[in-house]
J.: 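My questions will all concern the structure given below.
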Amino acid sequence: MKEKRSDFANFQWVDLENPKLTELKEIIKPYGLNPHLLEDLLEVGHLPKLEKVGEFNFMILRAYSVKSNERLTTIPELSNKIGFFFTNEVLLTVHQKPFHFLEEVTGHFEDPESLILKITEKMLATYQAPADWLSEEMDRFESDIFLGRKKRFSVESLYFAKAKARACKKVLLLTQTLLLHLSVQPSNEGQLQDLKETAASLILQFEDFLDEANSLLNIYLSSTSQKTNEVMKLLTIFSAFFLPLTFLVGVYGMNFKFMPELSWEYGYFLIVGVMASICLTLYVKFKRSGWL
């Protein structure tokens, strides 16, 4: 376990990284925290939440914590959480994975709320990189579809991108709900409002990607279906030409003893003429109907 204590003028911040359950139980004893909260705190995939437990406020937030291009789809794979226990005198943060942005949280803070809001700002900022990456991916998907490079388009890549966007959107929606229910002192209301706007902006970016991805997938499936229809159309035309010709060839290929046309001097030229007439008639018909 890695423990870091920071003393401010009006409160103390205790940051715990990767604590074991027994260690955590010993640490929370002096604060009178309910040990049952540790179940939520140590659950890997727990979603953002906010609740009041005695004199302590308990909050869980999740930060995006993997590379943008990694093919991961679930919330526990894409993000890691930080648990917050706080009163007016102390802030206790607990997380299993290291967060580099916690080292960047420096300066003077009047109360735990302002520090929590600053950490939340850093956590929300982690979602900007995947949002930008997804926007770039959408530009690439669109160019592959509309500029004739469909062979480069990957439905599998689009699936992973959509799954990532859905997971991020879900976490941000829960975070936004949490921020809407979070009460702070009047001096921190401006900072809280900025966080609400940041969360809303990120949600819109992921929603835009999901809408565009669904539209793009429909376009791709439609174009693929159209291409299949064109192939079937071509095969139908060929079949229409060769079916009557094959019938004639089959008839005159039979080995009956009495077939007058076989012994007629102009029989061959008649059959060829009939076949040519059939082809010409079909060609004119298809041409007028717009199939050719």
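For reference, positions follow the sequence shown, starting with 1.
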J.: Is the number of heavy atoms from other residues, nucleotides or ligands under 6.0 Å of Lys170 NZ greater than 12?
T.: no

J.: Counting distance only, does the side-chain N/O of Asn188 pair as donor-acceptor with the main-chain N or O of Val184 below 3.5 Å?
T.: no

J.: Applying salt bridge (Lys or Arg N to Asp or Glu O under 4.0 Å), run through Arg140 and Glu142 and close with a yes or a no.
T.: CA-CA 5 Å; Arg140 184 177 65 82; Glu142 289 178 344; over 6 Å; no

J.: With side chain to side chain contact (heavy atoms under 4.5 Å, CB included) as the criterion, how do Phe206 and Leu134 come out once you've worked through the C-alpha distance, each side chain's angles and the decisive distance to 0.1 Å?
T.: CA-CA 8 Å; Phe206 287 111; Leu134 287 172; 3.5 Å; yes

J.: Do the side chains of Asp15 and Ser6 get nearer than 4.5 Å, heavy atoms only?
T.: no

J.: Just verifying a value: how many Å separate Ile119 CD1 and Lys122 NZ, rounded to the nearest 0.5 Å?
T.: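 Output value for this atom pair is 10.5 Å.
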
J.: Assess the side chains of Glu212 and Ser215: does a donor N or O sit below 3.5 Å from an acceptor N or O?
T.: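 No pair is found: no donor N or O on one side chain lies under 3.5 Å from an acceptor on the other.
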
J.: If you apply the rule side chain to side chain contact (heavy atoms under 4.5 Å, CB included), what do you find for Leu16 with Lys2, and how did you get there?
T.: CA-CA 6 Å; Leu16 304 174; Lys2 182 179 178 181; over 6 Å; no

J.: Counting C-beta onward and ignoring hydrogens, is there a side-chain heavy-atom pair between Met138 and Leu216 closer than 4.5 Å?
T.: yes

J.: So which atom in Ala213 and which in Leu158 form the shortest heavy-atom distance, rounded to 0.1 Å?
T.: CB-CD1, 3.9 Å

J.: Is the shortest side-chain N to carboxylate O distance from Lys81 to Glu43 below 4.0 Å?
T.: no

J.: Using modelled atom types and a 3.5 Å cut-off, is there a donor and acceptor pairing between side-chain atoms of Arg62 and backbone atoms of His46?
T.: yes

J.: Identify whether Leu217 and Ile219 are in the same connected component of the hydrophobic contact network (ILVMFWY, side-chain heavy atoms under 4.5 Å).
T.: yes

J.: A cation-pi test, strictly: NZ or CZ of Lys67 under 6.0 Å from the centre of the six-membered ring of Trp133 and no more than 45 degrees from its axis. Yes or no?
T.: no

J.: For the residue pair Lys169 and Phe209, establish whether any side-chain heavy-atom pair is separated by less than 4.5 Å.
T.: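 Side chain of Lys169 against side chain of Phe209, heavy atoms only: no contact under 4.5 Å found.
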
J.: Determine whether Leu243 and Phe241 fall in the same hydrophobic cluster, where Ile, Leu, Val, Met, Phe, Trp and Tyr are linked whenever their side-chain heavy atoms lie under 4.5 Å apart.
T.: no

J.: Is it true that Glu17 and Gln96 share a donor-acceptor pair across their side chains at a distance under 3.5 Å?
T.: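 Gln96 vs Glu17: no donor-acceptor pair found between side chains.
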
J.: If every non-hydrogen atom of Pro76 is compared with every non-hydrogen atom of Gly45, which pair is closest and at what distance?
T.: CG-CA, 3.7 Å

J.: Could you tell me which non-hydrogen atom of Phe11 sits nearest to which non-hydrogen atom of Val90, and how far apart they are?
T.: CB-N, 4.2 Å

J.: Let's go through Ser157 and Arg71 carefully: what are the C-alpha distance in whole Å and the side-chain angles of both, what is the deciding distance for side chain to side chain donor-acceptor pair (under 3.5 Å) to 0.1 Å, and is it a yes or a no?
T.: CA-CA 8 Å; Ser157 296; Arg71 291 192 165 190; 2.7 Å; yes

J.: Between Phe101 and Phe99, is the ring centre distance below 6.0 Å?
T.: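 Phe101 vs Phe99: aromatic centres under 6.0 Å.
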
J.: What's the spacing between Gln12 CD and Leu91 CG if we round to 0.5 Å?
T.: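 That separation rounds to 10.0 Å.
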
J.: As a quick check of understanding, evaluate side chain to side chain donor-acceptor pair (under 3.5 Å) for Gln128 and Gln205, giving each step before the final call.
T.: CA-CA 9 Å; Gln128 189 60 56; Gln205 292 182 58; 3.3 Å; yes

J.: With heavy-atom distances below 4.5 Å as the criterion, would you say the side chains of Phe160 and Lys164 are in contact?
T.: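 Not touching, per the 4.5 Å side-chain cut-off.
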
J.: Does a side-chain heavy-atom distance below 4.5 Å link Ser135 with Asp132?
T.: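 A side-chain contact is absent here, since even the closest heavy-atom pair is not under 4.5 Å.
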
J.: Taking NZ in Lys196 as the centre, count heavy atoms belonging to other residues, nucleotides or ligands within less than 6.0 Å. Is the count above 12?
T.: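 Enclosed.
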
J.: Can you name the closest pair of heavy atoms from Leu178 and Leu61 and give their distance?
T.: CD1-CD2, 3.9 Å

J.: Are Val44 and Ile60 linked, directly or through other ILVMFWY residues, by side chains that come within less than 4.5 angstrom of each other?
T.: no

J.: Check the hydrophobic clustering (I, L, V, M, F, W, Y; side-chain heavy atoms under 4.5 Å; chains of links allowed) and say if Val249 and Leu270 are grouped together.
T.: yes

J.: To the nearest 0.5 angstrom, please state how far the OG1 atom of Thr120 sits from the CZ atom of Phe84.
T.: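 Reported value, rounded in 0.5 Å steps: 5.0 Å.
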
J.: To the nearest 0.5 Å, what is the distance between CD on Gln191 and CD1 on Ile116?
T.: 10.5 Å

J.: Quick one: pull up OG1 in Thr93 and CE in Met59 and give me the separation to the nearest 0.5 Å.
T.: 10.5 Å

J.: If you count the non-hydrogen atoms of other residues, nucleotides and ligands that lie under 6.0 Å from NZ in Lys285, is the total more than 12?
T.: no

J.: Could you tell me whether the side chain of Thr177 and the main chain of Leu173 form a donor-acceptor pair under 3.5 Å?
T.: yes

J.: Have Asn18 and His95 got a donor and an acceptor in their side chains that come within less than 3.5 Å?
T.: no

J.: Over 60° means perpendicular and under 30° means parallel, so tell me whether Phe8 and Phe109 are parallel, tilted or perpendicular.
T.: perpendicular

J.: If you measure only the distance, is there a donor-acceptor pair under 3.5 Å linking the side chains of Asn10 and Asn88?
T.: no

J.: Using the rule that two of Ile, Leu, Val, Met, Phe, Trp, Tyr join whenever any of their side-chain heavy atoms come within less than 4.5 Å, decide whether Leu72 and Tyr159 are in one cluster.
T.: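 Different clusters.
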
J.: Treating Thr126 as the side-chain partner and Tyr64 as the backbone partner, does any N or O pair qualify as donor plus acceptor under 3.5 Å?
T.: yes

J.: Does any N or O in the side chain of Arg5 come within less than 3.5 Å of the main-chain N or O of Val14, such that one atom is a donor and the other an acceptor?
T.: no

J.: Has the side chain of Ser201 got a donor or acceptor atom that lies under 3.5 Å from a matching backbone atom of Glu197?
T.: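 Answer holds: no.
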
J.: Looking just at side-chain N and O atoms, do Ser65 and Asn80 make a donor-acceptor pair shorter than 3.5 Å?
T.: yes

J.: If we only count heavy atoms from C-beta on, is the Asp194 to Leu117 side-chain gap below 4.5 Å?
T.: no

J.: Decide yes or no for Leu115 and Trp13: does some side-chain heavy atom of the first lie under 4.5 Å from some side-chain heavy atom of the second?
T.: yes

J.: Which pair of non-hydrogen atoms, one from Ser183 and one from Glu113, has the smallest distance, and what is that distance?
T.: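 In terms of heavy atoms, the two residues are closest at O-OE2, 3.7 Å.
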
J.: What's the spacing between Asn57 CG and Glu51 CD if we round to 0.5 Å?
T.: 10.0 Å

